[in-house]
Protein chains: 2
Amino acid sequence: MAKEIERRRDLIAATIREIGAQGTLNVTVGQIAKRAGVSPGLAFHYFGDKEALFLAAMRWILRDYGLQVRAALAAADGPAERLDAVIEANFAESHFRDGAVAAWLNFYVLAQRSTEAARLLALYHRRLHSNLVHDLRPLAGAEAAAGIAVRLAALIDGLYLRFALARDAVEAAPAAAEVRAALSIELAAVAAPTPRSAARS
Amino acid sequence: MAKEIERRRDLIAATIREIGAQGTLNVTVGQIAKRAGVSPGLAFHYFGDKEALFLAAMRWILRDYGLQVRAALAAADGPAERLDAVIEANFAESHFRDGAVAAWLNFYVLAQRSTEAARLLALYHRRLHSNLVHDLRPLAGAEAAAGIAVRLAALIDGLYLRFALARDAVEAAPAAAEVRAALSIELAAVAAPTPRSAARS
DNA sequence: CCGATTATTGATTGACGAGTCAATTAATGG
DNA sequence: CCATTAATTGACTCGTCAATCAATAATCGG
């Protein structure tokens with residue numbers, strides 16, 4: 001019984017690693033199974049088909065992300081600290097390990113075919129956005145918070161992309177620093193009256 | 001002779017459209033050929049293999065992007081206008097048409113396997129960065145320019161990602177507006193003394 | 001027109017991979 | 001121990017697809 005859970009975990013981990021290693025969703029179930037140390041048939045036995053295995057891997061990554069964010073938030077005190085925690089969690093080491101970034105990037109591609117993948121990704125987007133807005137509100141006001149959150153979220157994703165490409169650079173810290181810099185600049189702009197070029201659209 | 005150029009263009013256009021339509025690089029040469037209205041054999045005749053066809057499509061998109069940026073820059077006057085032109089060009093309608101965004105996203109994935117694709121993508125990154133830095137320098141000073149450029153470039157890419165997912169939302173304008181907003185905030189922060197939270201790192 | 005060159009076809013091959021399944025092995029409980 | 005059930009295997013099928021190639025059609029120069 002517990003065997004099943006263990007095997008599923010093994011296969012999911014192997015899936016993420018294999019996608020990371022090959023940099024594509026074009027991995028065979030055979031390769032995944034081999035990496036997990038089981039026969040190909042077992043993967044089908046537990047997951048039914050390849051897509052289900054991919055989706056399980058994606059859920060795994062998202063669940064891991066969610067846990068990490070919640071843990072970081074629990075330890076933080078006050079909006080400023082909480083924002084920092086969210087940023088930190090988004091660039092946590094575990095998101096850059098074992099080809100997780102490459103897997104993540106490929107899930108973006110998967111989301112264009114699979115409505116379930118799209119749903120999961122939308123969930124992530126909403127979570128990130130609402131986390132940011134929640135703690136931006138007390139610092140920047142209700143009106144400015146939404147806009148800042150959109151930009152910070154996109155900035156986070158964009159920096160992710162860069163890292164997905166530069167596989168050698170394993171340092172996540174500079175990325176987080178850029179986001180923090182953008183945050184402090186955004187907050188400063190709210191505090192001070194906009195000096196001229198306010199494109200309020 | 002001119003026939004060859006025409007066929008190559010047809011096939012490249014069909015490749016981009018097909019990748020866009022399917023949302024993946026898992027398209028068959030047969031499907032591409034059919035879309036281009038030729039036989040599968042012809043694609044191999046002109047490009048050798050599938051990967052070469054993909055790379056040609058990627059070069060095409062990048063070339064188009066480069067042309068558009070250069071054209072926009074030529075019409076702009078002064079750093080502020082030029083920055084606006086770069087932003088505008090990055091969200092030009094042609095980059096959102098015929099599944100170009102989906103193709104773009106898939107090229108990110110391709111870049112993890114193909115060194116040539118990685119090279120092309122790095123080229124794009126460098127171009128964007130240096131365009132931004134060039135015109136940020138007179139407005140923000142040499143020191144601040146680089147950091148701002150990194151953040152704006154990542155922001156642009158991140159907003160692209162969102163659009164790649166939300167296929168229904170074909171409006172690029174709001175994305176460009178976000179980048180412009182970030183730009184004006186960044187410039188304001190340079191003008192005013194940083195109020196407290198300067199994480200100069 | 002004709003012959004030569006170039007463009008284009010589409011049938012074919014060979015490899016590969018998803019998914020199935022009957023058979024084998026391990027675990028479990030009495 | 002044995003019997004029953006669960007876990008696991010890996011050979012097999014069947015479809016698909018990249019790439020090839022011999023054959024056909026178009027083009028063109030003279």
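Just so it is clear: chains get the letters A, B, ... in the order the sequence lines come, proteins before strands, and each one is counted from 1.
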Without decimals, in angstroms, what is the distance between [X] [atom1] and [N] [atom2]?
{"X": "A:Phe44", "N": "C:dG17", "atom1": "CZ", "atom2": "P", "answer": "12 Å"}
{"X": "B:Leu53", "N": "D:dC17", "atom1": "CG", "atom2": "P", "answer": "16 Å"}
{"X": "A:Gln31", "N": "C:dC16", "atom1": "CD", "atom2": "P", "answer": "11 Å"}
{"X": "A:Glu4", "N": "D:dT8", "atom1": "CD", "atom2": "P", "answer": "9 Å"}
{"X": "B:His45", "N": "D:dT20", "atom1": "NE2", "atom2": "C1'", "answer": "12 Å"}
{"X": "B:Lys50", "N": "D:dT20", "atom1": "NZ", "atom2": "P", "answer": "14 Å"}
{"X": "A:Ile32", "N": "C:dG19", "atom1": "CD1", "atom2": "C1'", "answer": "14 Å"}
{"X": "A:Asn26", "N": "C:dC16", "atom1": "CG", "atom2": "C1'", "answer": "12 Å"}

Nearest to side-chain heavy atoms of [X], which nucleotide of [options]:
{"X": "B:Pro40", "options": "C:dT9, D:dT9, C:dG10", "result": "C:dG10"}
{"X": "A:Asp49", "options": "D:dT8, C:dG19, C:dT8", "result": "C:dG19"}
{"X": "A:Thr28", "options": "C:dA18, C:dT8, D:dT8", "result": "C:dA18"}
{"X": "B:Tyr46", "options": "C:dA18, D:dT8, C:dT8", "result": "C:dT8"}
{"X": "B:Val29", "options": "D:dA18, D:dT8, C:dA18", "result": "D:dA18"}

Notebook entry, point to check: Between atom CZ of B:Arg82 and atom CG of B:Leu136, what is the distance when rounded to the nearest 0.5 Å?
Noted result: 11.5 Å
Next item on the list: State whether A:Arg7 and A:Glu4 are salt-bridged, where the test is any N-O pair (Lys NZ or Arg NE/NH1/NH2 against Asp/Glu carboxylate O) under 4.0 Å.
Entry: no
Check: Salt bridge between A:Arg119 and A:Glu116, side-chain N to carboxylate O under 4.0 Å?
Finding: yes
Item checked: side-chain N/O B:Arg7 vs C:dT8 OP1/OP2, d < 4.0 Å ->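 Answer is yes, contact under 4.0 Å.
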Margin query: Measuring to OP1 and OP2 of D:dA7, would you say a side-chain N or O of A:Lys3 lies under 4.0 angstrom away?
Written below: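 So the side-chain polar atoms of A:Lys3 never come under 4.0 Å of the phosphate oxygens OP1 or OP2 of D:dA7.
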Item checked: Between A:Trp104 and A:Tyr124, ring centroids under 6.0 Å -> yes
Notebook entry, point to check: Is B:Phe47 touching bases, backbone alone, or none of the nucleic acid, heavy atoms closer than 4.0 Å?
Noted result: nothing
Next item on the list: Kindly give the heavy-atom pair with the smallest separation between A:His95 and A:Val101, and that separation in Å.
Entry: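 Heavy-atom minimum between the residues: O-CG2, 2.9 Å.
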